[in-house]
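See below for the structure under consideration.
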Amino acid sequence: MSNRILPLELIDKAIGSPIWILMRGRTELTGILRGFDDYVNLVLDDAVEYSPDPRDDAVVVRKELKAEILLNGNHVAVLVPGGTGPEDSLAARA
């Protein structure tokens, strides 16, 4: 029988590591995961937000968030521990 890992255990293993986060909509973030809770609210350091320019979808806006941030877990769609985004992501195009 294979070993099972629970979702929160996987997130726990990612603390202190880079993480790539896809939010609802078209926003992506990368940063260092510092903590989380049972609702998957996330605390990030060195976060960078990537989002399409509202005037031109071909342009990606890169915004460095200088402070520790808290993300609401209700808006998180996908977490990729250790990820910086694939080649076709907003993070790679910026």
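Note that the numbering runs from 1 along the sequence shown for the chain. Note that the structure is predicted; figures quoted are calculated from it, not measured.
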How close do [X] and [Y] get, heavy atom to heavy atom, and via which atoms?
{"X": "R34", "Y": "G16", "answer": "NH1-CA, 3.8 Å"}
{"X": "R4", "Y": "E9", "answer": "O-OE1, 4.4 Å"}
{"X": "V60", "Y": "Y50", "answer": "CG1-CB, 4.2 Å"}
{"X": "T27", "Y": "S51", "answer": "OG1-CB, 4.0 Å"}
{"X": "D37", "Y": "L8", "answer": "O-CD2, 4.2 Å"}
{"X": "T30", "Y": "W20", "answer": "CG2-CD1, 3.9 Å"}

Taking everything shown except D56 itself, do over 12 heavy atoms lie less than 6.0 Å from its CG?
yes
Starting at CD1 of I19, measure out to CG of L42 and round the result to the nearest 0.5 Å.
6.5 Å
When rounded to the nearest 0.5 angstrom, what is the spacing between CZ in F36 and CD1 in I15?
5.0 Å
Hey, does V59 have a side-chain heavy atom less than 4.5 Å from the side chain of P52?
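Result no, sub-4.5 Å side-chain heavy-atom pair not found.
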Just wondering, do L33 and L79 contact through their side chains at under 4.5 Å, heavy atoms?
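Side chain of L79 against side chain of L33, heavy atoms only: no contact under 4.5 Å found.
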Counting only pairs under 3.5 Å, give me each side-chain donor-acceptor contact of residues 64-72, with atom names and distances, residues two or more places apart or in other chains.
{"residue": "E64", "atom": "OE2", "partner": "R62", "partner atom": "NH1", "Å": "2.9"}
{"residue": "N72", "atom": "OD1", "partner": "N74", "partner atom": "N", "Å": "2.7"}

Do [X] and [Y] share a hydrophobic cluster (ILVMFWY, side-chain heavy atoms under 4.5 Å, transitive)?
{"X": "V43", "Y": "V76", "value": "no"}
{"X": "V80", "Y": "M23", "value": "no"}
{"X": "V48", "Y": "I21", "value": "no"}

